[in-house]
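Accompanying notes for the structure given below.
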Amino acid sequence: MKARILCILLIALLIAAVPASAEVTYEVFVRAFADSDGDGVGDLKGLMRKLDYLSELGVDSLWLMPVFPSPSYHGYDVTDYRSINPEYGTMEDLEALLADAHSRGMAVILDLPINHTSIDHPWFRERPEFYRWADERANLDLRVWGEKVWKPYGDTWYYAIFWDGMPDLDYENPDVRDEMIDIALYWLDMGVDGFRLDAASHIYGMGEWSARQEIERSASWWVEFQIACVAKNPNCYLLGEAWESLDKRAALLAGLDAAVNFDVGGAIIALLRTGGSGKGYVRNLALTYAAYAEVRPGIPDAPFLTNHDQNRVYAALGAKPERAKMAANMLLTLPGNPILYYGEEIGMMGAKPDEEIRTPMLWGGGDRSETRWHPSIYNTRTLTVAEQDADPDSLLNHYRRLLAFRRAHPALTGGEFDAADVGNDIVAAYALSTPEERALIIHNATAVQQETAEGVIPACTSLIVVDGERWTFP
Ligand code: CA
């Protein structure tokens with residue numbers, strides 16, 4: 001009898017340990033999020049203490065920006081792929097975070113920048129064959145984004161597409177491939193649920209092959225990587241960063257579960273700032289999903305408003321709360337796996353340089369976990385979590401309502417997508433449907449009311465009709 005109870009308990013534990021899915025992902029800059037030990041630098045323990053906040057917000061998955069040792073504040077130049085940055089904590093802290101997140105049905109994915117390492121990574125001296133060195137075919141004058149990609153080093157040159165401090169790895173070397181797969185399996189073994197793959201389209205750098213070959217070779221690497229990851233964890237989620245045209249993104253999806261979509265956030269911001277055709281916005285979504293469907297079933301899209309490399313959406317929308325709410329309406333009624341960037345839900349401000357778009361999360365209310373790593377020059381009037389908590393009309397509570405609504409309606413997340421005709425091309429209208437449910441979604445992003453076949457929709461408002469029941473989100 002005892003054995004049987006134990007067995008049931010074990011099964012229950014196992015079920016609880018399986019994360020729901022990577023439905024809505026929350027991008028966290030650990031350094032900026034929450035501090036546990038009073039040194040002013042965010043850390044994993046601090047993040048763990050905020051899991052109540054994150055599950056109440058209603059996100060399903062956390063994407064941690066790089067947590068590995070690195071000489072930079074941002075961590076995208078890694079010096080050791082198998083350890084935790086000591087400023088952020090220990091391996092035990094990560095294991096505790098994983099256990100706590102999983103007990104809430106929340107997944108955790110790690111940012112894995114493996115296109116390049118830090119130039120301070122020991123490999124650069126000990127395993128030079130891991131990197132790309134100029135041979136007689138190399139065009140040493142080749143420029144990408146205005147910079148020469150071949151960097152002088154002694155009497156030779158190495159390839160570094162982003163900057164001198166981040167030499168690109170050579171994925172023609174099978175030892176590099178094996179090493180990177182081993183690293184991924186190491187973290188999956190620990191219970192990590194997947195990876196956000198930095199610079200996924202640059203695995204084969206620009207200039208040595210044709211543009212088409214570069215993408216094909218990068219895609220074939222991700223296929224190899226995904227096969228290995230899925231063999232370890234069938235639910236492993238691979239999210240690729242590809243700031244590329246639609247055809248290139250689609251090609252890379254051969255080895256990814258989703259690609260981040262830089263176009264859709266820009267389109268939402270443009271509609272809200274300058275107006276335009278909602279019908280055109282919907283047509284572009286349909287084209288995107290159709291291109292993806294040729295490579296991978298479902299809607300393997302990860303839309304977002306802005307991320308850690310872009311001016312914050314609240315700033316881009318002129319710090320107007322009604323526009324920020326509308327942008328959230330549009331993002332969180334898209335199919336696929338939307339991503340929120342930390343602080344977006346409270347309207348944090350920020351514009352380049354990068355440090356200013358990665359500033360401390362504003363908890364307020366005397367919360368000592370607020371970090372001090374880089375005090376913001378832009379967030380002088382931003383309302384904190386504590387202040388917004390108390391106001392039912394706050395942006396934060398708007399995000400909470402939307403996320404709860406999304407969770408309650410499966411058609412919104414994985415349904416079939418179809419443009420809808422509601423007799424008005426200014427509004428963005430589409431339907432999402434599953435066999436059980438059909439949702440009609442109409443966004444009026446303009447500053448005036450719009451007449452539609454579903455009635456008048458007030459300015460800056462979304463109407464959602466699910467099987468005849470109507471909801472409006474102002
Ligand atoms: Ca700390």
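The analysis underlying the following values was restricted to heavy atoms, covering all of them including side chains, and did not include hydrogens, waters or symmetry mates. No experiment lies behind these values; they were computed from the predicted model shown. Start at 1 and go down the list; that is how both ligands and their atoms are numbered.
- Between His116 and Phe162, the two ring planes are perpendicular [angle over 60°; tilted spans 30° to 60°].
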| Going through the distances and angles, do His409 and Trp471 end up as a ring pair (Phe, Tyr, Trp, His ring centres under 6.0 Å)? | CA-CA 12 Å; His409 294 285; Trp471 284 268; 5.1 Å; yes

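- Under the 6.0 Å distance and 45° angle rule, Lys232 does not count as a cation-pi partner of Trp187.
- Geometrically, Arg132 does not engage Phe124 in a cation-pi contact defined by less than 6.0 Å to the ring centre and at most 45° from the axis.
- Distances from the Ca ion (ligand 1) under 3.0 Å pick out these protein N/O/S atoms: Asp35 OD1, Asp37 OD1, Asp39 OD1, Val41 O, Asp43 OD2.
- Between Ile109 and Val192, the closest side-chain pair of non-hydrogen atoms is not below 4.5 Å.
- Within 6.0 Å of atom CZ in Arg82, more than 12 heavy atoms from other residues, nucleotides or ligands are found, so the atom counts as buried in its surroundings.
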